[in-house]
Amino acid sequence: MFYSTGNNFGADRILFKSYQTDNYVVLNAKFTIDPMDVRYRLNQNPEIYVPALSIDRSAVAGIFCRFEEVRTFSGRNYRYDGGTVLKSWIKDRNTICIEKVPGFYEKGALTFYIQALYPMLNQGSNTIKGTRHQLTIGAPDNFLRLGSDSFFVSFEHWAFLHMEFYGCSYAYRDLPWEVTLVDFPQDIDAFVPVPGGGNQFNPECDGMGECRIREGVFTMEERVIGFWDTGHDPFLYAFLVRGDNEIDVNF
């Protein structure tokens, strides 16, 4: 675990969980920016400055960016949160670059989720093999159903998680969700974006909500109003660092 040493777009200090080796790095962070900040608007390539990482440059990895939007109709609130996927990469041992968001300036605060694995660029392979486990859940009344391509791969220091949301009992569609991720590592605690779902008032993007994975339990308080729209299949995709990660493992 470490804190960023600065950035060029006006964000506060950013806390990272990390697992680092000589040919790849797994990073987890969540932070919020003001897209109207002049420092963000003037920089073509937002950069985060960090203590020395174990690799000096990486291939491109995807991260997520999300805005929140609530609209009220007939006295009831509806969520039209949305977002997009952005490129990110390790430029050098002390710099992480992120792609600039195309738009969303009028949406207020933007939240970024870095839950990615960065492989060393132009590095010879040193492959490690993991076992794919079909993801099953424990849910009251079996109210939530996952797609067949829901799975996880677990290593000693990190895990990869992919969830597809297939269906939900009608009585639970507007309620908070809490389900157990069977056999998933218990030593992970992270807020994870859930992209997908239609977005009537933001047709340039899909919906994007947020869930929490903690001690093998998935919770999600709310969903976007178009969560189950046809052709906008919601999912979860994250590389997650295990453990409390209190020791700085920087090389």
Inset, instruction - Would you mind checking if D174 and R76 are paired as a salt bridge, meaning a charged N to carboxylate O distance below 4.0 Å? - result: yes
Inset, instruction - For the pair D81 and R66, find out whether any cationic side-chain nitrogen is under 4.0 Å from an anionic carboxylate oxygen. - result: yes
Legend entry - Residues E210 and Y113: side-chain donor-acceptor under 3.5 angstrom: yes
Legend entry - Cation-aromatic face contact K100/Y40, 6.0 Å, 45 degrees: yes
Inset, instruction - Check whether any side-chain N or O of N7 sits under 3.5 Å from a backbone N or O of A11 as a donor-acceptor pair, and report yes or no. - result: yes
Inset, instruction - Examine F165 together with F227 and report whether their ring centres are nearer than 6.0 Å. - result: yes
Legend entry - Over all atoms of both residues, closest heavy-atom pair of F9 and P46: CD2-CB, 3.6 Å
Inset, instruction - Among I114, I98, V101, find the residue that satisfies the side-chain contact (heavy atoms from CB on, under 4.5 Å) test when tested with L86. - result: V101
Legend entry - Passing candidate, side-chain contact (heavy atoms from CB on, under 4.5 Å) with V50, options I90, I96, T5, L27: I96
Inset, instruction - Over all heavy atoms of both residues, which pair between D22 and I55 is shortest? Give the atoms and the distance, please. - result: O-CG2, 3.8 Å
Inset, instruction - For E99 and K87, indicate whether the former's side chain and the latter's backbone hold a donor-acceptor pair under 3.5 Å. - result: yes
Legend entry - Pairwise distance CZ(F191) to CZ(R214) - rounded to 0.5 angstrom: 8.5 Å
Legend entry - Donor-acceptor pair, side chain of R223 and main chain of L175, under 3.5 angstrom: yes
Inset, instruction - Check the side chains of N202 and K107 for a donor-acceptor pair under 3.5 angstrom, ignoring hydrogens and angles. - result: yes
Legend entry - Backbone of V241 reached by a side-chain donor or acceptor of N28 within 3.5 Å: yes
Inset, instruction - Scan side-chain atoms only and decide if S54 and Y24 contain a donor-acceptor pair under the 3.5 Å cut-off. - result: no
Inset, instruction - Please say whether more than 12 non-hydrogen atoms of neighbouring residues, nucleotides or ligands are located less than 6.0 Å from CG in D183. - result: no
Legend entry - Ion pair R242/E156, N-O distance below 4.0 Å: no
Legend entry - Parallel, tilted or perpendicular: rings of W177 and F218 (30°, 60°): tilted
Legend entry - Side-chain heavy atoms of P234 within contact of M163, under 4.5 Å: no
Inset, instruction - Kindly determine whether R132 and D149 satisfy salt bridge (Lys or Arg N to Asp or Glu O under 4.0 Å), including the steps that lead there. - result: CA-CA 11 Å; R132 170 178 165 146; D149 200 27; 2.9 Å; yes
Inset, instruction - With the side chain counted from C-beta on, respond yes when V179 and F143 share a heavy-atom pair under 4.5 Å apart, and no when they do not. - result: yes
Legend entry - For D229, side chain to side chain donor-acceptor pair (under 3.5 Å) partners two or more places apart: none
Legend entry - Approximate separation, where rounding is to 0.5 Å, of C97 SG and N45 CG: 6.0 Å
Inset, instruction - Supply the atom-to-atom distance E222 CD to N77 CG, rounded to the nearest 0.5 angstrom. - result: 8.0 Å
Legend entry - Short side-chain to backbone donor-acceptor contact, N8 and E47, under 3.5 Å: yes
Inset, instruction - Please go through Y49's hydrophobic cluster and name the other residues, only I, L, V, M, F, W, Y counting, with side-chain heavy atoms under 4.5 Å joining them. - result: none
Inset, instruction - Check for a donor-acceptor pair, side chain of S4 on one end and backbone N or O of I48 on the other, with a separation under 3.5 Å. - result: no
Inset, instruction - Would you confirm whether the ring centroid of Y237 sits within less than 6.0 angstrom of the ring centroid of F160? - result: yes
Inset, instruction - Check whether any side-chain heavy atom of R145 lies under 4.5 Å from a side-chain heavy atom of S169, and answer yes or no. - result: yes
Inset, instruction - Rounded to the nearest 0.5 Å, what's the gap from CG on D34 to CE on M36? Could you check? - result: 7.5 Å
Inset, instruction - Start with the C-alpha distance between F2 and L53, add both sets of side-chain angles, then the distance that settles side-chain contact (heavy atoms from CB on, under 4.5 Å), and finish with yes or no. - result: CA-CA 11 Å; F2 61 84; L53 299 170; 4.1 Å; yes
Legend entry - Distance-only donor-acceptor check, side chains Y166 and D233, under 3.5 Å: no
Legend entry - SB check R212 E221 (cutoff 4.0 Å): no
Inset, instruction - May I ask you to check whether over 12 heavy atoms, not counting those of F73, lie within 6.0 Å of atom CZ? - result: yes
Inset, instruction - Just say parallel, tilted or perpendicular for the rings of F239 and W158, cut-offs at 30° and 60°. - result: tilted
